[in-house]
Structures are given as C-alpha cells and as structure tokens.
Amino acid sequence: IYSHGVIVEVQRRSGASMLFVQDSQAILDVVQGKRSKPPETSNAEIPLVSVPENDNDDTKVALTSLNFAEKMLDYNRNDTTRLGLQMLSSLTDPDKMGVGTSSSVSTALVTEGNVVGGKIFTMVTARGRPVEDAFDEQYDLAMSIIANVL
C-alpha cells in the first residue's frame with residue numbers, strides 16, 4: 001500500500017499489444033513518482049523511398065514476416081489472429097513501411113494461391129450481418145489490409 005493511498009492495477013483485457021509492457025511500465029513509474037525520460041528527438045527525416053540497395057533486405061524481412069503472419073492466422077485464437085492482422089496492416093501500409101516494402105508484401109498477398117491473402121479475403125467476404133463482437137475488429141483490420149493493398 002502506498003502512503004498516498006493510491007493503488008494502480010494495469011491489465012491487458014485482450015490481445016497481445018506489442019507496446020503493453022512499455023506502456024504499463026510508464027504508467028507505474030508515474031504513479032510511483034519516477035520521472036521518465038522524454039522520448040529522444042531527432043532532426044533526421046525518414047526518407048519516403050527506400051534506398052535501392054537496402055530494398056531487397058527490407059523485402060526479404062517483410063516476406064519473412066508474411067510467413068510469420070500466416071502461422072499466426074492458422075491458430076484459432078482471437079488474440080493471435082488480431083496480432084497477425086495488425087502486423088499485416090502495418091506491413092501493407094506505405095506510410096509505415098515505405099513504398100518498396102509495402103508494395104512487395106501487397107503483391108505477395110494478391111498472388112494466386114497465397115494462403116494469407118485467401119484468409120483475409122475470406123474474413124471480409126464470409127462476414128454475415130453486422131454484429132458487434134470479437135470478429136468485428138478482425139473484419140476492420142482485414143478491410144484496412146485490403147485498402148492498403150489497393
């Protein structure tokens with residue numbers, strides 16, 4: 001029990017947010033009166049287009065991530081599926097990953113016979129009447145992936 005009478009509990013309700021540990025630690029630090037360092041700033045700008053010699057490396061990493069996402073979508077668990085879809089949403093977003101990487105992943109997703117692309121298409125087309133449930137977020141993520149690919 002703290003002397004000031006405040007008890008803080010941090011919970012992750014569902015899913016597997018990659019930033020959960022960092023966010024919860026920051027919350028607990030503030031409650032304990034610890035000063036956290038401000039995020040490092042830089043004057044450097046991120047280039048909008050990848051450097052050609054690094055583009056192949058990024059593409060290989062992205063396609064490896066696509067294989068990892070396929071494994072995540074194979075599990076029949078909402079949190080694992082959501083995390084896989086979040087990863088795919090980022091991988092297909094040119095603002096987050098750059099034009100070269102997002103284009104490579106998008107092309108791979110729409111290639112005939114691609115398992116991940118087929119699963120995303122099924123998530124969107126198999127949805128029945130609109131219902132607020134765990135699959136609603138999956139549907140939204142699948143739609144964002146399709147929007148990024150287009």
Side-chain angles (χ1 to χ4, degrees), residues 8-32 34 36-42 44-150:
V8 176
E9 178 180 352
V10 182
Q11 293 183 1
R12 182 180 66 211
R13 296 281 176 132
S14 66
S17 173
M18 292 183 256
L19 297 175
F20 176 76
V21 174
Q22 182 180 6
D23 290 343
S24 59
Q25 189 61 50
I27 291 168
L28 295 173
D29 286 347
V30 168
V31 169
Q32 293 175 355
K34 296 179 184 175
S36 59
K37 293 190 316 185
E40 294 180 22
T41 58
S42 170
E45 293 183 19
I46 299 173
L48 293 177
V49 180
S50 320
V51 179
E53 54 264 12
N54 292 337
D55 205 25
N56 288 336
D57 292 339
D58 290 345
T59 301
K60 289 177 187 175
V61 170
L63 294 177
T64 301
S65 296
L66 187 60
N67 291 334
F68 186 67
E70 179 180 350
K71 292 176 185 176
M72 295 179 86
L73 295 177
D74 282 341
Y75 289 101
N76 280 340
R77 294 186 46 165
N78 287 335
D79 55 345
T80 309
T81 300
R82 184 182 315 113
L83 188 58
L85 291 171
Q86 288 172 343
M87 182 171 50
L88 286 170
S89 181
S90 293
L91 284 170
T92 57
D93 187 343
D95 291 335
K96 292 181 181 176
M97 299 302 293
V99 175
T101 301
S102 65
S103 178
S104 297
V105 174
S106 297
T107 301
L109 283 174
V110 296
T111 301
E112 187 175 344
N114 184 283
V115 176
V116 177
K119 287 182 181 186
I120 301 227
F121 181 76
T122 301
M123 285 179 186
V124 172
T125 58
R127 183 178 187 203
R129 60 185 172 83
V131 179
E132 294 278 335
D133 61 5
F135 297 104
D136 199 39
E137 185 180 4
Q138 291 179 14
Y139 175 82
D140 292 343
L141 284 167
M143 286 297 289
S144 74
I145 294 165
I146 290 174
N148 288 341
V149 167
L150 297 176

Could you give all pairs that pass the salt bridge (Lys or Arg N to Asp or Glu O under 4.0 Å) test and reach residues 141-150, with sequence neighbours left out?
none

Taking all heavy atoms of Phe68 and all of Met87, pick out the closest pair and write down the distance.
CD2-CE, 3.6 Å

Applying side-chain hydrogen bond (donor to acceptor under 3.5 Å, both in side chains), name anything that partners Thr81, two or more places apart in sequence or on another chain.
none

The complete set of salt bridge (Lys or Arg N to Asp or Glu O under 4.0 Å) pairs with one or both residues in residues 141-150, sequence neighbours excluded, reads none

Sequence-distant partners of Ser102, side-chain hydrogen bond (donor to acceptor under 3.5 Å, both in side chains), two or more places apart
none

Between atom CZ of Arg77 and atom CZ of Arg82, what is the distance when rounded to the nearest 0.5 Å?
10.5 Å

Evaluate the side-chain proximity of Ile120 to Leu85: yes if any heavy-atom separation is below 4.5 Å, no if none is.
yes

Mind checking what makes side chain to side chain contact (heavy atoms under 4.5 Å, CB included) contact with Gln11, not counting sequence neighbours?
Glu9, Arg13

Measure the shortest side-chain to side-chain distance between Leu83 and Gln86 over non-hydrogen atoms and say whether it is less than 4.5 angstrom.
yes

Just to verify, what does Ser89 make a side-chain hydrogen bond (donor to acceptor under 3.5 Å, both in side chains) with, not counting sequence neighbours?
Ser144

Kindly compute the distance separating CE (Met97) from OG (Ser106), expressed to the nearest 0.5 Å.
11.0 Å

Sorted by chain and residue number, the side chain to side chain contact (heavy atoms under 4.5 Å, CB included) partners of Val115 (sequence neighbours excluded) come out as Glu70, Lys119

Considering residues at least two apart in sequence or located in another chain, which fulfil the side chain to side chain contact (heavy atoms under 4.5 Å, CB included) criterion with Ser90?
Lys96

Quick one: side chain to side chain contact (heavy atoms under 4.5 Å, CB included) partners of Leu66, sequence neighbours excluded?
Leu63, Leu88, Val105, Ala108, Leu109, Asn114, Val116

Give, for atom CG of Asp140 and atom CD of Gln138, the distance between the pair rounded to the nearest 0.5 Å.
10.0 Å

Contacts of Asp93 that satisfy side-chain hydrogen bond (donor to acceptor under 3.5 Å, both in side chains) - sequence neighbours left out:
none

